[in-house]
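Throughout, a chain's letter reflects where its sequence line sits, starting with A, and its residues are numbered from 1.
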Amino acid sequence: MTYFRNNNAYIEKDGLFSIEKIFDCGQCFRFERDDNGFSGVAFGRKLRLYDEDDYTVFENVAEDEFNKIWKDYFDLSRDYNGINDMLCRDGTAAKAVEASRGIRILRQDRWETLCSFIISQNNNIPRIKKIIGRLCESLGTDIGGAYTFPSAEVIAKAGAEKLAVIKSGFRANYIADAALKVASGQIDLDAAGKMEYEEAKKYLMTIRGVGPKVADCVLLFGYSFLSAFPKDVWIKRVIDKYYGDSFDEKIFAPYGGIAQQYLFYYERWISSGKRQ
DNA sequence: TCCCAGGCTCTCT
DNA sequence: AGAGAGCATGGG
């Protein structure tokens with residue numbers, strides 16, 4: 001049940017919405033833990049969430065904003081229970097489901113997702129967050145103590161040299177190239193959403209710095225292409241460890257992307273004693 | 001100090 | 001097609 005009171009939105013806890021896991025699973029880099037919850041910016045708006053006994057609270061969110069933005073952002077209409085049950089037919093995935101219950105695949109802004117995962121390559125999550133934070137502070141819009149993610153147009157206008165301050169290293173040229181292609185219309189991110197998965201992936205990979213893994217992350221976290229199965233170092237580790245060379249992500253179809261995210265979270269959770 | 005990080009591009013076979 | 005070096009930066 002969801003209800004609205006005192007200008008807050010309350011969603012009843014059902015074990016399938018964990019703000020901690022959602023924002024700690026590496027799909028999104030703009031939310032941080034605060035006193036008793038998480039806060040960040042998405043789609044140009046500040047959002048703060050925290051848990052009460054039986055409800056998760058969307059602070060200062062009215063009904064129309066909830067329905068217009070956050071319901072889709074948090075993928076609240078999808079039946080994760082049914083998907084989890086299906087994935088549990090695989091033994092390893094079942095363990096990952098157990099650890100990951102409450103993760104939801106966000107529907108993030110496409111440009112922000114593209115740009116963020118270009119930055120993510122050969123990088124670690126704490127540093128990715130810092131670089132994106134500096135990008136928003138230097139080129140985003142101040143919305144009162146927080147900054148929006150800068151548009152492709154703004155970044156394109158700034159150019160690669162202006163990106164030096166975000167210390168993204170060799171990725172600066174890739175960001176600038178992506179911004180130029182998107183701002184000029186050479187790449188139409190909405191058009192990609194109307195394509196089939198394979199076609200959309202090839203389309204995104206025409207951007208410099210976007211290979212198969214980054215493209216899959218963008219398609220999964222920005223487009224909800226749930227068949228996208230990003231293969232990063234962690235997932236390759238998972239495949240080696242639990243499955244072997246014969247692994248084929250089609251065993252999770254059509255929810256490979258969700259399985260991937262669970263496995264990614266699970267493996268990082270297991271090794272969290274040593275490294276984040 | 002060293003190894004590694006939600007990889008990709010370029011070059012050489 | 002596949003292997004390998006190089007890439008900027010900084011977290012651990």
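- Between Phe43(A) and Tyr73(A), the angle of the ring planes goes over 60°, which puts this pair in the perpendicular group of the 30/60° scheme.
- Among the atoms of the strands shown, base atoms are found under 4.0 Å from some heavy atom of Gln261(A).
- Close to dG7(B), at under 4.0 Å from its OP1 or OP2, lies no side-chain N or O of Lys236(A).
- Rounded to an integer number of Å, the gap from Ile119(A) CD1 to dG10(C) C1' is 15 Å.
- Across the protein-nucleic acid pair, Ile132(A) atom CD1 and dT9(C) atom P stand 17 Å apart, rounded to whole Å.
- Look at Arg268(A) and you won't find any side-chain N or O under 4.0 angstrom from OP1 or OP2 of dA5(B).
- Using a 4.5 Å heavy-atom cutoff, the side chains of Arg104(A) and Ser18(A) are not in contact.
- For the pair Pro150(A) and Leu135(A), the minimum side-chain heavy-atom distance is below 4.5 Å.
- Counting any heavy atom pair closer than 4.0 Å across all strands shown, Gly26(A) reaches a base atom.
- Nucleotide dG7(B) holds its P atom 7 Å from the CD1 atom of Ile128(A), rounded to whole Å.
- Among the atoms of the strands shown, none is found under 4.0 Å from any heavy atom of Ile131(A).
- Counting any heavy atom pair closer than 4.0 Å across all strands shown, Cys25(A) reaches a base atom.
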N/O to N/O distances under 3.5 Å, protein versus nucleotides 6-8 of chain C:
unit_1 : atom_1 : unit_2    : atom_2 : d
dA8(C) : O4'    : Phe170(A) : N      : 3.2
dA8(C) : N6     : Asn122(A) : OD1    : 2.8
dA8(C) : N1     : Asn122(A) : OD1    : 3.1
dA8(C) : N1     : Arg171(A) : NH2    : 3.4

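- Across the protein-nucleic acid pair, Arg208(A) atom CZ and dC10(B) atom P stand 5 Å apart, rounded to whole Å.
- With P as the reference atom, dG10(C) and dT9(B) are 23 Å apart, rounded to whole Å.
- Tyr265(A) comes within contact range of no nucleotide atom at all, as no heavy-atom separation falls under 4.0 Å.
- Heavy atoms of Lys167(A) sit under 4.0 angstrom from primed sugar atoms or phosphate atoms, though from no base atom.
- Ionic pairing of Glu52(A) and Lys13(A) is not present here: no N-O contact between side-chain nitrogen and carboxylate oxygen is shorter than 4.0 angstrom.
- In this structure, Lys130(A) places its NZ atom 9 Å from P of dG10(C), rounding to the nearest Å.
- In this structure, the ring of Tyr242(A) has its center no less than 6.0 angstrom from the ring center of Phe247(A).
- Closest approach of Ile125(A) and Phe264(A) over heavy atoms only: CD1-CZ, 4.3 Å.
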Applying salt bridge (Lys or Arg N to Asp or Glu O under 4.0 Å), run through Asp75(A) and Arg78(A) and close with a yes or a no.
CA-CA 6 Å; Asp75(A) 201 22; Arg78(A) 198 182 303 281; 2.7 Å; yes

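- Spacing between atom CG of Asp177(A) and atom P of dC10(B) amounts to 11 Å, rounded to whole angstrom units.
- Separation of the P atoms belonging to dA8(C) and dT11(B) is 15 Å when rounded to the nearest angstrom.
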